[in-house]
Amino acid sequence: MDGRLHENQDGAGGGVEGNFKERGKEMEEKILARVESLEQKMIEGIRELVRIDSVESAGEPAAPFGPGVLKALNKALEMGRELGFRTVNMDNQIGYVEYGQGDAYVCAMGHVDVVAPGDGWRQPPFSGHMENGVLYGRGVLDNKGPILACLFGLYALKELGYEPKHRIRIIFGCDEESGFEDLKYYLEREKPPLCGFTPDCKFPVVYGERGRAVIRVKAGELEPFFRFVTEYFIGAKDTGDRLGIDFSHEEYGVMEMRGYKLGVDEGTPYFEAALSYPAGHGIDEIMGRIREKAGELSVVLVQNYNPVAFDRNSPLVRALTECYEKVTGEDGTPVTTTGGTYAKAMPGIVPFGPSFPGQKGIGHNPNEWMAVDDLMKIAKIYALGLYRLGNL
């Protein structure tokens, strides 16, 4: 069979439909085999990108998120060009690799910026150290390894002559860890995708994200300020029960307060807390209850992203679920998350991997790692995912 496959090339009819399904299965097996053949090239590419210190730093006119992040973006786009893709650098804010034709596009969106490595590393955090089939380094999991797995997954499709109904983009963000300014810049100049995923969370498909908010309590008189902070935050449960915001949801779980921070702004003390809140309760209701308890103290909303919710039976979620189950042989029932990803701000995308069930607390910690076997597994999942989404 010719490697080229387009979902609309066959017409309707039971026999033709069955033939198309068989050809689709055959194509998917070819995709998996082609990804397997790319292991050495992909792993070396990931190591090369991980060796770049891309912790965000003070912006410059030509490097809005710092020279390290720009270097990583340019390297990722260079890899895309070497693989034969069209590439676009959007004023050093964000960039993408693109394949296929059509007015609309689907995408995988990750990022090349990383959090500071911190202490406790057994090997230098930007060395791309490999040991016993495991790759270590800041960004291996979050998120250089996974977004390059998407790139090489797309490369496998290109090498097989795949012709999608829609353009496919691999988007390389530069400000995911600090504020999504890159995505804001992108959406001011580009239409959002028809659908897509971000490989920056966990498996199986994540159909819902909690809301994420940061609140700030400003001190007036110090005694009531410290009394309020101690009674309602430091000395209380992290569910917000004393504030009356311990909301729960059958699918999203219970409210979580975390990330407590004391600071001083222009000589005035303040206290900040991050809220991870379930769907079903809006930020206005939450802020109203906190302000009621705060009395004369000032409580301001620093940042908020509303909960994300997708239909678990949507074509997007179903397609990605099937890809996960095909490669892993595991139950792919969609899940929710307490985390926050680009899905908060990019319409139409869901979180999808890269961490497998049981893999927690890796991304922002010392000795961040991914096994080569897992990197190959996610590359296969993402290749099939891009193949399916390109035909939706």
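For residues 74-86, the pairs satisfying side-chain hydrogen bond (donor to acceptor under 3.5 Å, both in side chains) are Glu48-Lys75, Asn74-Asn89, Lys75-Glu78, Arg81-Thr87, Arg86-Glu98, with sequence neighbours left out. Applying the side-chain hydrogen bond (donor to acceptor under 3.5 Å, both in side chains) test to pairs two or more places apart or on separate chains, none has a residue in residues 261-270. Applying the salt bridge (charged side-chain N to carboxylate O under 4.0 Å, His left out) test to every pair with at least one member in residues 228-240, sequence neighbours left out, gives no pairs at all.
Between Glu209 and Tyr305, the side chains place no donor N or O within less than 3.5 Å of an acceptor N or O (distance only, hydrogens not considered).
Ring orientation note: the planes of Phe233 and Phe271 are tilted relative to one another, at an angle of 30° to 60°. In this pair, Tyr186 and Tyr105 present their aromatic rings perpendicular. The plane angle is above 60°, beyond the 30 to 60° band. Below 30°, between 30° and 60°, or above 60°: for Tyr232 and Phe228 the angle between ring planes is between 30° and 60°, a tilted geometry.
Remark: Arg289 does not engage Glu292 in a salt bridge, criterion side-chain N to carboxylate O under 4.0 Å. Salt bridge Glu181/Lys184: present, at least one basic N to carboxylate O contact under 4.0 Å.
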Which donor-acceptor pairs under 3.5 Å do the side chains of residues 367-377 make with protein atoms, sequence neighbours left out?
from: Asn367; atom 1: OD1; to: Arg122; atom 2: N; distance (Å): 2.9
from: Asn367; atom 1: ND2; to: Gly120; atom 2: O; distance (Å): 3.2
from: Glu368; atom 1: OE1; to: Arg138; atom 2: NH1; distance (Å): 2.6
from: Glu368; atom 1: OE1; to: Gly139; atom 2: N; distance (Å): 3.1
from: Glu368; atom 1: OE2; to: Gly139; atom 2: N; distance (Å): 3.2
from: Glu368; atom 1: OE2; to: Val140; atom 2: N; distance (Å): 3.3
from: Glu368; atom 1: OE2; to: Leu141; atom 2: N; distance (Å): 2.9
from: Glu368; atom 1: OE2; to: Asp142; atom 2: N; distance (Å): 2.8
from: Asp374; atom 1: OD2; to: Gln359; atom 2: NE2; distance (Å): 2.9

Side-chain donor/acceptor pairs under 3.5 Å, residues 148-158, sequence neighbours excluded:
from: Lys158; atom 1: NZ; to: Leu83; atom 2: O; distance (Å): 3.1

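Atom NZ of Lys326 is surrounded by more than 12 heavy atoms from other residues, nucleotides or ligands within 6.0 Å.
For Asp175, there are no side chain to side chain donor-acceptor pair (under 3.5 Å) partners at least two apart in sequence or on another chain.
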